[in-house]
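Lettering follows sequence order; numbering is per chain, from 1. As the structure is a prediction and not an experimental result, all values here were calculated from the model.
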Amino acid sequence: MEKTIEKTRFERFLDSDVWHSFKSSPVAIISSLVTLIMILAALFAPYIAPHDPFDLVSIDIMDSNLPPAWQEFGEARFLLGTDDQGRDILSTIMYGARISLFVGFASVIFSMVVGITLGLISGYAGGRVDAFIMRVADIQLSFPAILIALLIDGVARGIVPKELHEELSIYVLIFAIGISGWVQYARTVRGSTLVERNKEYVQAARVIGIRPGTILRRHILPNVMGPVMVIATIHLAIAIITEATLSFLGVGVPPTTPSLGTLIRIGNEYLFSGEWWITIFPGITLVILVLAVNLLGDWLRDALNPKLR
Amino acid sequence: MVSFLFKRLLQSFVVMITVALIAFSMFRFVGDPINNMVGQDTTQQEREELREKLGLNDPFLVQFGRFTLNAAQGDFGLSYKYRVPVSEMIFERMPATLELAFVSAIIALFFGIPLGVYTALKRKGILSKFIMTMSLVGVSLPTFLTGILLILLFGVMLRWLPTFGRGDVIEIGSWTTGFLTVSGLKSLILPSITLALFQLTLIMRLVRAEMLEVLRTDFVKFAKARGLPDRAVHFKHALKNTLVPVITITGLQLGSLIAFAIITESVFQWPGMGLMFIQAISDVDIPVMAAYLVLIAFFFVVINMIVDLLYYAVDPRLRADNE
Amino acid sequence: MDLLSIKNLEIEFPSRRGTVVAVNDVNLTVQPGEVLGVVGESGAGKSTIGNAVIGLLEPPGRMSGGEVYLKGEQINNLSSEEKRKIRGRRIGMIFQDPLTSLDPLQTVEQQLVETIELHLKLGEAKAKERAIDLLHQVGIPNPELRVKHYPHQFSGGMRQRVVIALALCAEPEVIIADEPTTALDVSIQAQILELMRKLCQEKQVGMLIITHDMGVIADITDRVAVMYRGNLVEEGTTQKILGNPDHPYTKSLISAVPRPDIRLKRFPMVDYIEKEEDRKKLLDISTHWLGQARDFDAVEGPLVEVEDLVMTFVTKPAFLKKNRQTFNAVNGVSFEIRQGEVFGLVGESGSGKSTVARMISGLYKPAKGAVKFGGTNLTEIKSEKELDYFRRQMQMIFQDPFSSLNGRMRVMDIVAEPIRFHKLTSSNAETEGIVMDLLEHVGLGRQAAVRFPHEFSGGQRQRISIARALATRPRFLICDEPTSALDVSIQAQILNLLKDLQEELGLTMLFISHDLPVIRQMCDRVGVMKMGELVEVTETEKLFTAPEAPYSQELLSLMPKLDNLSQQGLQVEGA
């Protein structure tokens, strides 16, 4: 008897408004599929990519600057053509997306952890702790994220010894993008925490005697995660763009482990000599990836905020 | 009013001091300033003398005070790389960046606000949905890629417009302007569109969101219940209330144009401060980085002050709180 | 010919779970100079009627059938432009919340003049004159000066007067008022209702007033229409509906209204809407877990004492202490609550009554004064562990059933949380058994444990809250406006439940309410609060028969007179 009333988490999910909204939104379905396919292609690049662009043995300089397969002089071996060193563009894109997505996800998680923690503390503690954290956030917010990321990157170059540059640059990049993004999370979480803190279920927990740490973890955190997921999705798009931008500007990941941004930078030099494919295909990949993630975030925000519909 | 202004000025001052502290810390602690100033063959003793002469052995606060005083007068020392005063480098490049940002700001506001209002009012319209979808594409297009695509289309394929540099400029006093020559104006087109596009979509989406929020309020419903025509409800009541939050964020967005110019300038080889900054990062040219940071902060603080004053003019609730 | 007539009105809301019929075949008429009340509980569909009449139903809601006539002329099939011309000009509207009904960026004059110019085609000078005249009519003092002010410079009651002035701009024939006094305090409610009644008679306007409040109905209406789940179940003169209703729903509704004139043992006949699960099979408290570990049974003297409590809030924060502006929400309050009694605190919003409750329960730390429980001063205890022992003895029930339960937890975990925290059982199986017993005991049934809060109605959620509060086996229960967010018939059920539990478990209670009739039904003794101070503490019956403090007398005089309520099936306390 009780079994029939009890619903598993999965059943509850299937009955939720979010899932219904997802099912009835072609945009959400397509963009999540595109995102998923890109993540899988990047993840399994070593197994499914037609060539290994970093295996010097298999690269032949004679294959350099070949156009896409459907154009004159194109070869079927290289579907999207090759770059100046004879590397297969399709394969470099798959490997490049790997770096882009890794940096994107890692910096989002970094921002999220820092932002949620500070936001919860700020919202629950109030007083001077709150005032201090929010002042810092305000000051940081008055500068664009890209500038802060650039600055941290620049400073790190001064601090990190030259011989470690290449090795550490990807982590510097994650740190730089992550730090430039925590404010959004902190402000949102703080705002929600202020609302939740005054709700009566939190007061009921306090009257029982539950300690602040447990209240934050068990009661408040699950209730503020909705808006955080929306920000995280949109932030993933921004993080990927920021990584690509920094790499394009030449201060991101080193050319030995090229990301999508690095590929576009390399190809940009060949734009005027007619080899457009070297830069355009990574560019299109980047835009599709970011667009899919953005569409997903846009849909998620509307789905979690029913009054907008 | 006076206390409001004073409070804002004080806040701006705190921001500037904080930024100055960051800039100074970069200057002082990232790498050894002496190593960056002298050649390989300088002896240890000469280094020590230079260190003493530059006051690098003074207490932290004294050094910071000196740095701040100098910075306030525009003196940021010599560039490590080019060995010329940083202030000269900056002032030479400032007009290019400011003109680019100005034109972009006009484009972003001129299109962003009306489009935002339109898509909010005709929420279900086909054109609105199309504009909204395009705006998502706009947000998803990294600035540098927009630039590259524009270059490919108008520069490489159609050969209509110049793709790098400022074209011919005319000197007016110490200011160089590209507004007065044909090639200067033509050179502005692609970079300013590139720079404006991202901000345009952001402003548009922001105006739309705020407008929708206001359209749901009770006072809009009550205005309709009094029989006011849509035109009056939308533009007299809703739009004015929308502008209150929009002013703040738009101000910040326009400020960030100057910083985003870094990317555009890099793509179009535009001889502005952003290009200088990005080269400084590659070369770890700390004095240039520090100076740029302080200058940007100053721009932001000024824009913020203007935004606050506008805010004050629009919202009577603020005025009353300070009476 | 009727002034306003609504025929066979049907309104529906399509949604993904099917179409909800909000209003079903409703017929109403309003005559000039008459006030018609539409009363019903939440979900009755009463608000949508007003919106449908003026053509402002919010999508996806739509009028799926019926006609609306204004002076014999059909208006529901007009074009949207023609409907707009009727709004404000011939039908005025007043909404619930005066704080949000006015454009914050325009002066009152701008908003009035805009509306007057539009409808009456007057020149600006004439329109300004009329604006001042209107403010004068709605009783705003010094209208020549006030007209230049912005909405935020008016108090809540004054703003509602401005809203009324705006509705009167073009001398409309009909005014629809949707819960016009719900957001206001009792004293201001009385003034606004009086004003509306007066204007209605002077100008021979027909008024449709939509409300859930029987007090408003009794005060102002000539006729009443009772709505239940989208249907009009009964209509008649106010006298008839209140005094001698026919329909079983109306009977149940009337019997659930807390009476200001007599104290009842229980509310009769209140389970028409939400039947509670069988509570007959009461637990034997003497042997059950709930009745054990009764530490504070043998306390001599009062169980709870409050001495000279002061609570200070910062109204204008500043970094330096001396620049802060503060406000004493509670200022030197002392009283005692005796073992086993229900002590009431009554007062208007902002009187500090909830703040007192929060200080007693430890949610707020008093700026000064002492809270003593069984003789121990709680404000002096520093150790959390030691405090836990006292926390267990006193629990709290809150106002808003929709925010007082964590929506992410199952009812089982919500009710078990205090038992687990205080380690009151030896095994998880025992805890779960006790939670089930508790849920059964508050009238929810055992299956409730596996569900989530959103699957329950407001009244059921309040029962869950009560179960959670009982789970620590408290001796003292603080109820902070436990029913003010509930519909009146649900309120009656919850009050019945609280009465039963108090009796069975011998609980001591602090009962806080702004609603005097509720206080009369629940409390043995009562304290009256005004602006942070206690102005009178007395026996409840004495307060209602012979109040001493001038403020108590004023409060009682403002209380809606419901003296002609039906007396069917009542059992008077002590009779």
A.B. asks: Would you please classify the geometry between the B/W160 ring and the B/F154 ring as parallel, tilted or perpendicular, with 30° and 60° separating the classes?
C.D. replies: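 Ring orientation of B/F154 relative to B/W160: tilted.
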
A.B. asks: So what's closer than 4.5 Å to chain A heavy atoms on B/V19: side chain, backbone, both or neither?
C.D. replies: side chain

A.B. asks: Quick one: does B/E265's side chain have a donor or acceptor within less than 3.5 Å of a partner on B/G274's backbone?
C.D. replies: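 Confirmed, B/E265 side chain pairs with B/G274 backbone.
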
A.B. asks: When you measure from the side chain of A/T188 to the backbone N and O of A/Q184, does any donor-acceptor pair fall under 3.5 Å?
C.D. replies: yes

A.B. asks: Where do A/T262 and A/S259 land on the side-chain hydrogen bond (donor to acceptor under 3.5 Å, both in side chains) test, with the steps shown first?
C.D. replies: CA-CA 5 Å; A/T262 324; A/S259 72; 3.2 Å; yes

A.B. asks: Most heavy-atom pairs under 4.5 angstrom with chain B, which of A/T279, A/L249, A/I238?
C.D. replies: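 Of the candidates given, the most pairs with chain B belong to A/L249.
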
A.B. asks: Measure A/L151 against the heavy atoms of chain B and call it side chain, backbone, both or neither at under 4.5 Å.
C.D. replies: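 Looking at A/L151, backbone and side chain both touch chain B.
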
A.B. asks: Given a strict heavy-atom distance threshold of 4.5 Å, which part of A/L150 is in contact with chain B: side chain, backbone, both, or neither?
C.D. replies: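 Both the backbone and the side chain of A/L150 come within 4.5 Å of chain B.
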
A.B. asks: So what's closer than 4.5 Å to chain B heavy atoms on A/I280: side chain, backbone, both or neither?
C.D. replies: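 For A/I280, side-chain heavy atoms alone lie under 4.5 Å from chain B.
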
A.B. asks: I need the residue from A/L295, A/V290, A/I288 with the largest number of non-hydrogen atom pairs under 4.5 Å to chain B.
C.D. replies: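 Looking at each of A/L295, A/V290, A/I288 in turn, A/V290 comes out on top.
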
A.B. asks: Using non-hydrogen atoms and a 4.5 Å limit, figure out which bit of B/A297 sits close to chain A: side chain, backbone, both or neither.
C.D. replies: both

A.B. asks: Only one of B/N304, B/L10, B/V301 passes side-chain contact (heavy atoms from CB on, under 4.5 Å) with B/V15; say which it is.
C.D. replies: B/V301

A.B. asks: May I ask you to decide if the ring planes of B/F260 and B/F198 are parallel, tilted or perpendicular, using 30° and 60° as cut-offs?
C.D. replies: tilted

A.B. asks: Give, as side chain, backbone, both or neither, the part of B/L145 having an atom under 4.5 angstrom from any heavy atom of chain A.
C.D. replies: side chain

A.B. asks: Below 4.5 Å from any heavy atom of chain B, which atoms of A/A244 appear? Answer side chain, backbone, both or neither.
C.D. replies: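 Both backbone and side chain.
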
A.B. asks: Does the pair A/D298/A/R301 count as a salt bridge with the N-to-O cut at 4.0 Å?
C.D. replies: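 Here A/D298 pairs with A/R301 in a salt bridge, since their nearest N and O are under 4.0 Å apart.
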
A.B. asks: Side chain, backbone, both or neither: which part of B/I303 has a non-hydrogen atom closer than 4.5 Å to chain A?
C.D. replies: neither

